[in-house]
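In listed order, ligands and their atoms are each counted from 1. Note that the coordinates shown come from a computational prediction; the quantities given were computed from them, not determined experimentally.
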Amino acid sequence: MKGKDYLSEAKKAYSPLNAIEEAARCLLCHDAPCSKACPAGTNPEKFIRSIRFRNVKGAVETIRTANILGAACARVCPYDKLCEEACSRTGIDRPIDIGGLQRYAMDFERASGMKVLEAPAAALEKVAVIGSGPAGLAAAAGLALKGYKVTVFEAREQAGGWLTYGIVPARLPQDVVDYEVQYVKDLGVEFRMNTRVGKDVTLAALEAEGFEAFCVTVGLQGSATLDIPGLALSGVTTAAAFLAEAKPSCGALQVPSDVVVVGGGDVAMDCATTAKELGAKKVTIVYRRTVEEMPANKAELEYANKLGVSILPSFKPVEVIGENGAVKAFKAVGLDWLDRNTSVEVPESSIQLKAGLVIQAIGQTAEDVSFAGLGANSKGLAAADAETGKTSIGNVFAAGDIVNGGKTVVEAVARGKASAEAIDAYLSSVRESKATDKEVAAQKEGVR
Ligand SMILES: Cc1cc2nc3c(=O)[nH]c(=O)nc-3n(C[C@H](O)[C@H](O)[C@H](O)COP(=O)(O)OP(=O)(O)OC[C@H]3O[C@@H](n4cnc5c(N)ncnc54)[C@H](O)[C@@H]3O)c2cc1C
Ligand code: SF4
């Protein structure tokens, strides 16, 4: 039963009747602010109109053409900060449930076995995509749809990046990720798993194998850690390590009864709710600032509250206390915020929480991209154009978290798509100049 709770999706799906009813609330705005607010250009106004007029196939076409991860994004997008925030209906009562309707169309596609995208025969150059997260999958799909021979190289055993190893099943069941990865495979994209580029194979070796362009989408796999005593104790972990163990365990991971999570973002919420769903009795989130300042999505915060997670705002971690090499308690001290940037400790508010597990959810750190010959900026991120992914090396492009420092799935999809366009433009120009060189050589040959 414990495992079932952890694996089941939290939000309920629409029935056909309810989906049409919700779509009928849409004002069909002429200027469609919702569509302008989607980074991937998914065009909610158009697909909601299709659902409203019972043309679900049309809705599927609109979503899939714009977003190869339409089903994943339907579940994990921060709609309240993107299209739903922009929705004109908000001024009347509440925004259209754009995420729910997108999920309805995507579930319909899968249930009916519909495939709206087909790639041409792969006759163009070989392109290597390094990393199989949202940015890599979007870049690979975009290139395959243009006729390139695409191979994705992935260090881990399973594809999907944080979709597979991070985002919890309550929001994103693994079968949804697997379905979309298969969609990309069906476009003719090859996957080489358990292959870390830079370690198991070099870029030079891939060039020798005939790859003519590279898209680096390696994301942020490292974890930021606290600077307090006791971090070496067993039972102190990071969000990335905890979630990467919890999700593949399908609910079987054992957690102690008292868990402390440090952080205030979506990842901290995911850790806290996961620990609860796996059976922890008391889960406490310790956050430096106020609840209002938590960067976590409102819905995630509400879900954590619903599960009984306690939140300790304005507290600063001080020490992890151990016994026989394992975590026993977590010490924090209250902060009095004078203004947004300065705070003073309030020593008399020091608190000690019983803990068998301490999870640090305070951010991810960038992968080293020197294997691709790329420079990094002061934050360790790949030096690349934020829009197109172009780098100082002509045939190397970069996209997703490794360039933007960690945003959202839909943003990674958008940047992966844009990189596919930039790679196509680059390879097309190389092809054209080779053709011109050949023509000139042939003309010279004729003159002689
Ligand atoms: C726990 C968690 C929860 C999140 N929840 C949400 C959410 O609810 N909504 C949302 O929109 N966003 C969420 N995000 C953010 C979102 O998941 C990321 O922005 C997105 O996954 C970035 O995609 P990416 O392709 O750039 O990188 P990643 O998803 O990190 O994928 C990179 C891939 O590259 C592989 N790789 C790394 N180095 C190499 C190498 N040298 N060779 C081969 N492969 C390599 C990695 O193994 C990984 O599979 C969450 C992130 C985390 C960590
Ligand atoms: S902004 Fe809202 S009401 Fe207007 S078209 Fe988009 S979803 Fe419909």
Side-chain angles (χ1 to χ4, degrees), residues 22-23 25-37 39 43-49 52 69 72-73 75-79 81-84 86-92 95-98 101 128-139 152-168 171-172 192-201 216-221 223 239-240 242-244 247 265-271 274 296-297 299-300 361 363-364 367-369 371-372 398-413 415-416:
E22 180 62 12
R25 292 180 56 242
C26 175
L27 304 171
L28 305 177
C29 310
H30 189 57
D31 58 341
C34 55
S35 296
K36 287 185 192 132
N43 208 346
E45 183 272 332
K46 195 168 171 211
F47 77 71
I48 292 171
R49 184 190 291 263
R52 181 172 173 157
L69 298 183
C73 282
R75 290 159 166 91
V76 305
C77 261
Y79 287 95
K81 293 177 187 143
L82 297 169
C83 53
E84 288 179 13
C87 176
S88 316
R89 184 87 208 200
T90 312
I92 302 173
I96 305 299
D97 179 11
I98 298 173
L101 291 176
V129 173
I130 304 159
S132 69
L137 292 172
V152 173
F153 293 85
E154 170 53 54
R156 298 224 206 204
E157 203 178 329
Q158 275 179 271
W162 288 119
L163 300 179
T164 293
Y165 288 97
I167 303 179
V168 295
R171 285 193 291 127
L172 182 60
R192 284 195 217 166
M193 308 307 291
N194 299 309
T195 309
R196 180 173 289 279
V197 179
K199 181 170 167 266
D200 301 317
V201 61
V216 179
T217 59
V218 294
L220 314 175
Q221 311 306 319
S223 298
F242 173 66
L243 294 170
K247 203 168 174 187
D266 287 334
V267 178
M269 297 305 136
D270 277 355
C271 291
T274 298
N297 192 311
E300 304 317 321
Q364 268 77 46
E367 287 293 275
D368 180 5
V369 286
F371 70 83
D401 277 6
I402 191 62
V403 178
N404 65 33
K407 286 192 175 168
T408 56
V409 173
V410 71
E411 187 64 34
V413 167
R415 301 282 62 85

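If you look at Leu243 next to ligand 1, the close heavy atoms, those under 4.0 Å, all belong to the side chain. Contacts with ligand 1 closer than 4.0 Å are made by side-chain heavy atoms of Glu367 only, the backbone lying farther away. The backbone and the side chain of Trp162 each have at least one atom closer than 4.0 Å to an atom of ligand 1 (non-hydrogen atoms only).
Here the straight-line distance linking atom CD1 of Ile167 with atom CH2 of Trp162 works out to 10.0 Å at 0.5 Å rounding. Note that NZ of Lys407 is 12.0 Å distant from CG of Leu220, once rounded to the nearest 0.5 Å. A distance of 9.0 Å separates NZ of Lys247 from CG of Asp270, quoted to the nearest 0.5 Å. Ile402 CD1 to Asp368 CG: the interatomic distance, rounded to the nearest 0.5 Å, is 8.5 Å. With rounding to the nearest 0.5 Å, the separation of CG in Leu163 from CD in Gln158 is 11.5 Å. Atom CG of Leu172 and atom OG1 of Thr164 lie 8.0 Å apart (nearest 0.5 Å).
For Asp97 and Arg25, the salt-bridge test fails: no basic side-chain N is under 4.0 Å from an acidic carboxylate O.
Closest of all the heavy-atom pairs between Thr217 and Gly136 is OG1-CA, 3.3 Å. Considering all non-hydrogen atoms of both residues, Val410 and Pro39 come closest at CG1-CG, 3.8 Å. Considering every non-hydrogen atom in both Ala239 and Val267, the closest pair reads CB-CG1, 3.5 Å. What you find for Arg415 and Ala399 is that their closest heavy atoms are O-CB, 3.7 Å. Across Met193 and Arg156, no two heavy atoms sit closer than the pair CE-O, 3.5 Å.
Residue Cys83 is tested with Cys34, Pro78, Pro95, Pro33 for a side-chain contact (heavy atoms from CB on, under 4.5 Å); the sole match is Cys34.
Using a 4.0 Å heavy-atom cutoff, Leu137 is absent from the residues neighbouring ligand 1. Between Ala32 and ligand 2 there is no heavy-atom distance shorter than 4.0 Å. Using a 4.0 Å cutoff on heavy atoms, Asp270 counts as a contact of ligand 1.
Numbered from 1 in the order shown, with element, the atoms of ligand 2 that lie under 4.0 Å from a heavy atom of Ile48 read 7 (S). Taking every non-hydrogen atom of Glu45 and a distance limit under 4.0 Å, the qualifying atoms of ligand 2 come out as 5 (S). Every atom of ligand 1 is numbered from 1 in the order shown, and the set under 4.0 Å from a heavy atom of Thr217 is 32 (C), 33 (C), 34 (O). Each of the following atoms of ligand 1 lies closer than 4.0 Å to a heavy atom of Gly400: 26 (O). For ligand 1 and Thr195, the ligand atoms under 4.0 Å from any heavy atom of the residue are 42 (N), 43 (C). Residue-ligand proximity, Arg171 to ligand 1, at heavy-atom distances under 4.0 Å covers atoms 5 (N), 7 (C), 8 (O). Taking every heavy atom of Gly161 and a limit of under 4.0 angstrom, the matching atoms of ligand 1 come to 29 (O), 31 (O), 48 (C), 49 (O). Ligand 1 places these atoms under 4.0 Å from at least one heavy atom of Ala412: 22 (C), 23 (O). Atoms of ligand 1 lying under 4.0 Å from any heavy atom of Arg196, numbered from 1 in the order shown and given with element: 38 (N), 39 (C), 40 (C), 41 (N), 42 (N). Close approach of ligand 2 to Ser88 is summarised as follows: ligand atoms under 4.0 Å from at least one heavy atom of the residue are 1 (S), 2 (Fe), 4 (Fe). For ligand 1, the atoms closer than 4.0 angstrom to any heavy atom of Gly133 are 25 (O), 29 (O), 31 (O), 33 (C).
With contacts defined as side-chain heavy-atom distances shorter than 4.5 Å, the pair Lys36/Asp31 qualifies. Using a 4.5 Å heavy-atom threshold, the side chains of Leu28 and Arg52 count as touching. Between Glu45 and His30 there is no side-chain heavy-atom pair separated by less than 4.5 Å. Looking at Gln364 and Asp401, their side chains never come closer than 4.5 Å, going by heavy atoms from C-beta outward. At a threshold of 4.5 Å between non-hydrogen side-chain atoms, the residues Ile130 and Phe371 count as touching. Asp200 places none of its side-chain heavy atoms less than 4.5 Å from the side chain of Phe153.
A donor-acceptor pair shorter than 3.5 Å can be found between the side chains of Ser35 and Asn43.
Among the atoms of Pro134, some N or O lies under 3.5 angstrom from an N or O of ligand 1. Taking distance alone, with nitrogen or oxygen atoms compared against 3.5 Å, Cys77 stays at or beyond that limit from ligand 1. Taking only nitrogen or oxygen atoms, main chain and side chain alike, Gln221 reaches within less than 3.5 Å of ligand 1.
The nearest protein atom to atom 3 (S) of ligand 2, hydrogens excluded, is given as Leu27 N, 3.3 Å; this is a heavy-atom distance. Distance from atom 13 (C) of ligand 1 to its nearest protein heavy atom, with residue and atom name: Ile167 CD1, 3.9 Å. Nearest to atom 44 (N) of ligand 1 among the protein's heavy atoms is Ala155 N, 3.1 Å. Looking at atom 2 (Fe) of ligand 2, its nearest protein heavy atom turns out to be Cys87 SG, 2.4 Å. If you check which protein heavy atom lies closest to atom 52 (C) of ligand 1, you get Val267 CG2, 3.7 Å. Scanning all protein heavy atoms for the shortest distance to atom 15 (C) of ligand 1 gives Lys407 O, 3.7 Å. Among all protein heavy atoms, the one lying closest to atom 27 (O) of ligand 1 is Gly219 CA, 3.7 Å. Of the protein's non-hydrogen atoms, the one nearest atom 4 (Fe) of ligand 2 is Cys29 SG, 2.3 Å. In terms of protein heavy atoms, atom 8 (Fe) of ligand 2 is closest to Cys26 SG, 2.4 Å. The protein heavy atom nearest to atom 34 (O) of ligand 1 is Gly131 CA, 3.2 Å. Regarding atom 39 (C) of ligand 1, its nearest protein heavy-atom neighbour is Val218 CG1, 3.5 Å. With hydrogens left out, the protein atom closest to atom 48 (C) of ligand 1 is Glu154 OE1, 3.6 Å, a heavy atom.
Not one N/O/S atom of Cys34, from backbone or side chain, sits under 2.8 Å from atom 2 (Fe) of ligand 2. Inclusion of Cys83 in the first shell of atom 6 (Fe) of ligand 2 is not supported: no N, O or S atom falls under 2.8 Å.
Heavy-atom proximity to atom 22 (C) of ligand 1, evaluated over Asp401, Ile402, Leu82, is greatest for Asp401. Of the candidates Ile96, Ile92, Asp31, it is Ile96 that places a heavy atom closest to atom 7 (S) of ligand 2. Relative to atom 10 (C) of ligand 1, the option among Val197, Val410, Val409 with the closest non-hydrogen atom is Val409.
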As a quick check of understanding, evaluate salt bridge (Lys or Arg N to Asp or Glu O under 4.0 Å) for Arg196 and Glu154, giving each step before the final call.
CA-CA 6 Å; Arg196 180 173 289 279; Glu154 170 53 54; over 6 Å; no

